[in-house]
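All remarks here apply to the structure that follows.
The figures here come from the full heavy-atom set of this structure, side chains too, leaving out hydrogens, waters and symmetry mates.
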Amino acid sequence: MKLKLLATLAAAALAAGCATTPPVPAGLVAGSFVDFDCEGQDFQARFNPDGNTVRVRTQRGSSELAAAGDGVFQADGFRLLMKSPTGITIEHGGKPLGHGCKRK
């Protein structure tokens, strides 16, 4: 009986842990930098496993971008659009740095 109860509790804990894991946006990897080839400026991005931020590195600098919803991450004048009509787009100061970005 104890073994059955422990197995049930372990399965419930595992299911709860999986349910709270944020999905990784297409093209990114949790915990590792990925290179993006863009029309304009190339960049690197790393998805934080906590699901709340993406770290970007560009020729204009780097920043930890906070999730703003619907595939948008932004901070410090940077804006990363994961669901742009022209592919992945990165902007700085309201101007596109790179668009049509694809993972190398």
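Closest non-hydrogen pair, F36 versus G27, comes out as CZ-O, 3.5 Å. Counting all heavy atoms, side chain and backbone alike, T89 lies closest to S84 at OG1-OG, 3.1 Å. Taking all atoms of both residues into account, the shortest heavy-atom contact from A67 to G51 is CB-O, 4.4 Å. Shortest non-hydrogen contact noted between A66 and A75 is N-CB, 4.4 Å. Of all heavy-atom pairs between F78 and G61, the closest is CZ-O, 3.9 Å.
Looking at L65 and Q74, their side chains never come closer than 4.5 Å, going by heavy atoms from C-beta outward. Within the 4.5 Å cutoff, no side-chain heavy atoms of L97 are placed close to those of F43. Under the 4.5 Å side-chain criterion, counting only non-hydrogen atoms from C-beta, V72 is in contact with R79. Residues Q41 and I90 are not in side-chain contact: their nearest non-hydrogen atoms beyond the backbone lie 4.5 Å or more apart. E64 places a side-chain heavy atom less than 4.5 Å from the side chain of R46.
Between the CG atom of L80 and the CD atom of E91 there is a distance of 9.5 Å, given to the nearest 0.5 Å.
Formation of a donor-acceptor pair under 3.5 Å by the N48 side chain with backbone atoms of D50 is found in this model.
Tracing side-chain contacts under 4.5 Å through hydrophobic residues (I, L, V, M, F, W, Y), one never reaches L81 starting from V54; they form parts of separate clusters.
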(message) As a quick check of understanding, evaluate side chain to side chain contact (heavy atoms under 4.5 Å, CB included) for R103 and V29, giving each step before the final call.
(response) CA-CA 11 Å; R103 186 174 168 183; V29 175; 3.6 Å; yes
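Remark: R57 engages F33, Q44, S62 in a side chain to side chain contact (heavy atoms under 4.5 Å, CB included) (not counting sequence neighbours).
By the neighbour-count criterion of 12 heavy atoms within 6.0 Å, atom NZ of K104 is densely surrounded, having more than that number from other residues, nucleotides or ligands.
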